[in-house]
Amino acid sequence: MLNLCDPRTIKQVMDMFGLTFKKEYGQNFLTDNMTVEDIADACNDDKDITVIEIGPGIGCMTRELCERYSRVIAFEIDSGLIPVLKYTLDGYKNVTVINEDIMRADLDTILAPYFEMGKVAVCANLPYYITTPILMKLIESKLPFDSITVMVQTEVAQRLAAGAGKKNCGAITAAIDYYGDAKMLFTVSADRFMPPPKVTSSVVRIDLWKDKPVNPIDEELFFRTVKAAFEQRRKTLPNSLSTGFPEIPKERLTDIITSCGHRPDVRGEKLSVKDFCALSDAIYKEINQ
């Protein structure tokens, strides 16, 4: 069987099909078997599940997922890689390759039969340029994914798993905390990719809440509050929120913040997802009183 993590094999397969790496799709293929196995192992604790892979490339991790889990659905945007995947995945009966952009795919319709079979998890080596949009599409879809395991730029991974009070905490941190529990698992150096990226990568697993720990009165207002809190990071929360909520006087916003138990000079990075929920509920009442 071809070793799809071997740089010589990768080049041989790409040459065989007349392909080159496409920067516009963020194609960086893993060249370390142990890393691929570790990611596949980390995907989920159950084996009788469906795994959604995003960006299978030439199928290196796809094969490991097929070896471990009952069903694998791989979304590949690059039509040039479809015949490659047919070649490299020949013999695996539990994989379906879909030539579609995950950002445009109708996930509700495509995945409905698989959710009926049981748990569905996501596993992906995400392109750096579109990491956040893909993650937000997955979690905001409200589809009942069990877990999402992704390899992303280390700087992004640190934000995803930061938790409240950390310097690198941001709006994406609060959003992820709202939907699930994120943990950074391990880091992957640039020399384990072909071509090597200019940054290190890290693997993060997000276990989605079955029951969310917070339930804001108005979910849209909750995310508006989070966005406003982080749009101007260096400003204190009253100043940030006054930009995001021009309909409320700054002095009144300061009163709301202190009534929620925070100092008037607090910054958004210090607030937990529960704090943001309480704050957005207080803002909702102010707007609707």
Side-chain angles (χ1 to χ4, degrees), residues 42-46 49-52 54 102-103 107-108 111-112 114-124 126 131-150 152 156-166 168-185 203-231 237 240-241 244-245 256-257 259-262 266 268-288:
C43 173
N44 203 267
D45 301 326
D46 293 338
I49 64 168
T50 301
V51 175
I52 309 303
I54 302 166
I102 192 70
M103 292 300 296
L107 296 181
D108 293 69
L111 302 182
Y114 299 99
F115 281 109
E116 290 178 3
M117 296 180 196
K119 288 183 180 181
V120 177
V122 176
C123 190
L126 292 181
T131 295
T132 298
I134 290 177
L135 276 177
M136 294 311 296
K137 168 164 182 168
L138 292 172
I139 62 177
E140 288 179 345
S141 71
K142 304 295 176 69
L143 291 170
F145 294 114
D146 189 69
S147 63
I148 299 173
T149 303
V150 290
V152 298
V156 175
Q158 290 169 339
R159 286 204 296 271
L160 296 177
K166 301 292 179 64
N168 48 12
C169 176
I172 186 65
T173 314
I176 294 297
D177 286 351
Y178 180 76
Y179 288 107
D181 178 31
K183 287 185 172 59
M184 196 162 126
L185 303 182
V203 177
V204 174
R205 174 166 148 172
I206 306 165
D207 290 302
L208 283 300
W209 303 122
K210 301 297 182 288
D211 296 298
K212 293 199 297 291
V214 297
N215 290 286
I217 296 171
D218 185 323
E219 188 173 81
E220 185 176 338
L221 189 70
F222 168 85
F223 283 108
R224 181 183 171 191
T225 304
V226 169
K227 182 180 178 183
F230 288 103
E231 273 198 322
L237 199 54
S240 297
L241 292 185
F245 292 92
I256 292 171
I257 291 165
S259 72
C260 289
H262 307 292
V266 71
E269 66 198 42
K270 297 295 182 182
L271 272 62
S272 69
V273 69
K274 291 184 179 180
D275 293 331
F276 274 117
C277 182
L279 181 59
S280 70
D281 284 353
I283 292 173
Y284 175 89
K285 291 172 184 176
E286 176 70 19
I287 293 173
N288 293 279

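No hydrogens, no waters, no symmetry mates; every other heavy atom, side chains included, goes into these values. Please read these numbers as outputs of a predicted model, since none were measured by experiment. One is the number of the first residue; the rest follow in order along the sequence.
The OG atom of S280 sits 11.0 Å away from the CG atom of D275 when rounded to the nearest 0.5 Å. Rounding to the nearest 0.5 angstrom, the gap separating the CD1 atom in I139 from the CD1 atom in I176 is 4.0 Å. With values rounded to the nearest 0.5 angstrom, F115 atom CZ is found 8.5 Å from D108 atom CG. Note that CG of L160 and CG of D177 are 9.5 Å apart. Values are rounded to the nearest 0.5 Å. Here L221 contributes atom CG and K285 contributes atom NZ; the two are 12.0 Å apart, rounded to the nearest 0.5 Å. The distance from atom CD1 of I52 to atom OG1 of T149, rounded to the nearest 0.5 Å, is 12.5 Å.
Here the side chains of I256 and L241 are not in contact, with every heavy-atom distance at 4.5 Å or above. In this structure the side chain of T225 never reaches within 4.5 angstrom of the side chain of Y284, judged on heavy atoms. The closest side-chain heavy-atom distance from N288 to I217 is not below 4.5 Å. Contact of the L237 side chain with the H262 side chain is not registered, since no non-hydrogen atoms from C-beta on lie closer than 4.5 Å. Using a 4.5 Å cut-off on side-chain heavy atoms (C-beta onward), L271 and F230 make no contact. The closest side-chain heavy-atom distance from L138 to L107 is below 4.5 Å.
Outside the 6.0 Å centre-distance limit, the rings of F276 and Y178 are not counted as a close aromatic pair.
Listed by chain and number, the residues in a salt bridge (charged side-chain N to carboxylate O under 4.0 Å, His left out) with E231 amount to none (sequence neighbours excluded). Contacts of T50 classified as side-chain hydrogen bond (donor to acceptor under 3.5 Å, both in side chains), with partners at least two apart in sequence or in another chain: R71. Taking the ring pair (Phe, Tyr, Trp, His ring centres under 6.0 Å) definition, one finds that Y114 meets it with nothing, sequence neighbours left out. Residues that satisfy the ring pair (Phe, Tyr, Trp, His ring centres under 6.0 Å) test with F245, not counting sequence neighbours, are absent from this structure.
Shown here for L208 and S147, the closest heavy-atom pair between the two residues is CD2-CA, 4.0 Å. Contact detail for C123 and V51: the closest heavy-atom pair is CB-CG1, 3.9 Å. Here the closest non-hydrogen pair linking A175 and M136 is CB-CE, 3.9 Å. Minimum heavy-atom separation, S240 to A229: OG-O, 3.8 Å.
Of the possible polar contacts, none joining the D281 side chain to the A278 backbone as a donor-acceptor pair under 3.5 Å is found. At least one donor-acceptor pair closer than 3.5 Å links the side chain of T173 to the backbone N or O of G170.
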Test log, rule side chain to side chain contact (heavy atoms under 4.5 Å, CB included), inputs L135 and L126: CA-CA 9 Å; L135 276 177; L126 292 181; 4.3 Å; yes
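Note on residues 206-218: pairs passing salt bridge (charged side-chain N to carboxylate O under 4.0 Å, His left out), not counting sequence neighbours, are D146-K210, R205-D207. Legend: side-chain hydrogen bond (donor to acceptor under 3.5 Å, both in side chains) pairs involving residues 132-142, not counting sequence neighbours, sorted by first then second residue: K142-E219.
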